[in-house]
Amino acid sequence: MKKLSLTFAIIFVMSSVIRADEGMWIPALLQRNEAEMQAMGMKITADDIYSINHSSMKDAVVLFGGGCTGELVSEQGLLLTNHHCGYGWIQRHSTVEHDYLTEGFWAMTQDEELPCPGLTAKMMRNMVDVTDKVLAGVTDATTDEEREKVIKENIDNIVKSVENDTEYAVTVESFYQGNQYFLIYNEIFRDTRMVGAPPSNIGKFGGDTDNWVWPRHTGDFSVFRIYVDKDGKPAEYNEDNVPYNPDYHFTISLKGVEEGDFTFVFGYPARTNEYLPSVAVNQEANVIYPVVVDLRTQILDIYNKYQEKDAKVRIQYASKHAGLGNGWKKWMGVIEGIRNFKGIEKKQAFEAAYNDWCMQERRRMKYMHALRDFTPVYEEYEKYRMASTYLNEAGLSVELIKFAANFNKLSTVDKDTPQEDIDKIINNLRGTTASFFKDYYQPIDEEVAVAMFEAYRANQPEDFRPGILNEIDSKYKGDVKAYVGYLFGKSIFTSEDKVNALLDDFKPGKAKKLAKDPALVAYNSMLDFYNENVKDKTIECNKKINNLRRVYMEGQMKMIPEVYPERNLYPDANFTLRVTYGKVGGFKPKDAVTYRHYTTLDGIMQKENPDIYDYVVTDRLRELYEAKDFGRYADKDGSMHVAFIAGNHTTGGNSGSPILNAEGELLGLNFDRTWEGTMSDLVYDPSICKNISVDIRYVLFLIDKYAGCRRLIEEMTIDE
Ligand code: ARG
Ligand code: GLU
């Protein structure tokens, strides 16, 4: 009987195991993938991609700012990333006179390139396996608590021992849930300047409507440049700094892509959870995400209603809408994908095989226990996760309450607080206040507040309701509207004048009254509730889960090579540099529908609608289109290709990553995935998981023909 179920499980899982496109590989270990990559069409070697002995492609890829990837494309530090990655900087440099978001920005000379203080570019220079050193002193008998302590000490010692002998910043990062550790050397560039960006109706074409969607027509790129001091070393911004001459920069290919072409993506994926047990995936996709999606649907519907009515409100809520909408759409894709592609069932089948493997030897029992022990922990965790979810997604979606939270510090000063400190708090609050009211529309917020408190009350059990919800019951007989009327009627935080008057004339004697403002009371009721009833339990559950995940991962690392020898293991994304590879190709998202692998400028013209903000096309782009003035950037079919999809396993953080061809030449910039495949963060399915890239030829066409910024084209290395 046992035997039978094992065979069954293996056959069931096999179909989902041979999936060449899956995996985010550690560049230092890429030798292991070389044969497969070459069999898929790659013409270069793993050593060309990653080497510490000579310059290689890794010297041309950076972590751009805090969460994106960028790549170097010239000997003068020219860097490409996405428009949505440069967005904050484009916005910061914009004024009413020079609205670069709307008009685009092009530095026609190097002098015009704009400093971006605080923007870093981090380049990984070396990574060394230090697992043995990190785990020194840890045995099977070590308790989880001791383990944490020992590891922390070991890591501190490793960092200390190398810190002084290197010009680079060093960190130790955990892979495979704490089963492997790498010491990583990073070079951090601190003078990165803004060079160019297309107007938003190109760089964000399709906006949130098209976000996560294929077919896509977004020119999602922007251009920056890294500067260094005269010795070629990273330095803070200085007028005298010079363009950085990197060890490597990508050659650009104008050849485009065809169905079946080999590609790889080199970048900084942030987080995936591919090795979770089915109970966890189930909780994520079937319990938590549906709640978040439902709450956000209600909020976004309210935003939409008012945004459609009023152009000013549309702009005020554009970025808030984008922020909520991005996760909302992605998680809908995860929920559907997990259901349609049987994510839970595949995990369960794998777990059956895993258990069978554990049963074969006594010393594998701990691995079986780890898997089994997840269930009660996740059961307990669910209540607390739900509590946090309602707190964050419902309670704190009321802008008034979130804004009021900033005043908590001020509401607790007293006559002993030094005036200097009070002045500092007040100064900060002035900025916060101005930017809050610039984009605040009270009717939206009131409606959101009613919807969110209703949902909060209706869906959280009594012992998981912050005091403020009980007050709605006791004081307002459960009438949420009446409470919200009181909240917005009484709070000073609805009025910029009142808030400014408070700041202008603040005295410690006023703190007590401030603390009684109903918005602040609501916030503190939620905060107290979290601190008293949720926080510690959440930390405790997380600790347990992380320890179980470590052991379960270790078990999987032993079992998979034995039971599925063809399956190559890779660690979850952890914001370190990775390589992923796959082939260009369309897909079938649902019955009767087939997607081609590329889009063209024709599609932009089809989508054009001067009345819909996301689909406005500038006269200049239309003229170029009508004149078919694409120069050498046209495809051999004569059209202008805009974007394409391929089977690369990417996630958030891969935005801006170079997508490269068999020769390692730049084909485009990764910027998104198709929403049908967003479950790839939890379970990968090659038939549906596709990454979306903007075609480099469209990027160059825009720089050259549209913006006329020839000097940038001239410094690039272009293979016609
Ligand atoms: N979905 C992409 C990502 O996760 C792009 C987001 C920015 N674009 C947008 N239209 N909101 O970051
Ligand atoms: N747009 C995402 C980013 O900013 C990439 C899309 C994804 O999640 O794959 O990193």
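Order of listing sets the numbers, starting from 1, for every ligand and every atom in it. Positions are given from 1 along the sequence.
- Between Tyr87 and His83, the two ring planes are perpendicular [angle over 60°; tilted spans 30° to 60°].
- For atom 3 (C) of ligand 1, the nearest protein heavy atom (residue, atom name, distance) is Asn326 ND2, 3.7 Å.
- Centroid-to-centroid, the aromatic rings of Tyr244 and Phe189 come within less than 6.0 Å.
- Here Tyr317 and Tyr441 keep their ring centres 6.0 angstrom or further from each other.
- The nearest heavy-atom contact from the protein to atom 8 (N) of ligand 1 is Asn211 OD1, 3.9 Å.
- Looking only at protein heavy atoms, the nearest one to atom 9 (O) of ligand 2 is Arg673 NE, 2.6 Å.
- With hydrogens and angles left out, the side-chain atoms of Tyr440 and Gln316 include no donor and acceptor closer than 3.5 Å.
- The ligand atoms of ligand 1 that sit less than 4.0 angstrom from a heavy atom of Trp212 are 1 (N), 4 (O).
- Note: Phe587 and Tyr595 have perpendicular aromatic rings, judged against thresholds of 30 and 60 degrees for the angle between ring planes.
- Which parts of ligand 1 touch Gly207 is read off a 4.0 Å heavy-atom cut-off, strictly below it: atoms 10 (N).
- With ligand atoms numbered from 1 in the order given, ligand 2 contributes 3 (C), 10 (O) to contacts under 4.0 Å with heavy atoms of Gly653.
- Aromatic ring centres of His641 and Tyr598 lie closer together than 6.0 Å.
- Counting heavy atoms closer than 4.0 Å to ligand 2, residue Trp212 contributes side-chain atoms (C-beta onward) but none from N, CA, C or O.
- For atom 11 (N) of ligand 1, the nearest non-hydrogen atom of the protein is Asp208 OD1, 2.9 Å.
- When only non-hydrogen protein atoms are considered, atom 12 (O) of ligand 1 lies nearest to His84 NE2, 3.5 Å.
- Between Phe221 and Tyr698, the distance from one ring center to the other does not fall under 6.0 angstrom.
- Given atom 2 (C) of ligand 1, the protein heavy atom at minimum distance is Asp672 OD1, 3.3 Å.
- Between the side chain of Asp310 and the backbone N or O of Lys312, at least one donor-acceptor pair lies under 3.5 Å.
- Every atom of ligand 2 with a heavy atom of Asn654 under 4.0 Å away is listed here by number and element: 10 (O).
- Considering backbone and side-chain atoms together, Gly652 places an N or O closer than 3.5 Å to an N or O of ligand 2.
- Between Tyr570 and His649, the angle of the ring planes goes over 60°, which puts this pair in the perpendicular group of the 30/60° scheme.
- Of all protein heavy atoms, the one closest to atom 3 (C) of ligand 2 is Ser655 OG, 2.3 Å.
- Annotation for ligand 2: atoms under 4.0 Å from non-hydrogen atoms of His84 are 1 (N), 3 (C), 4 (O).
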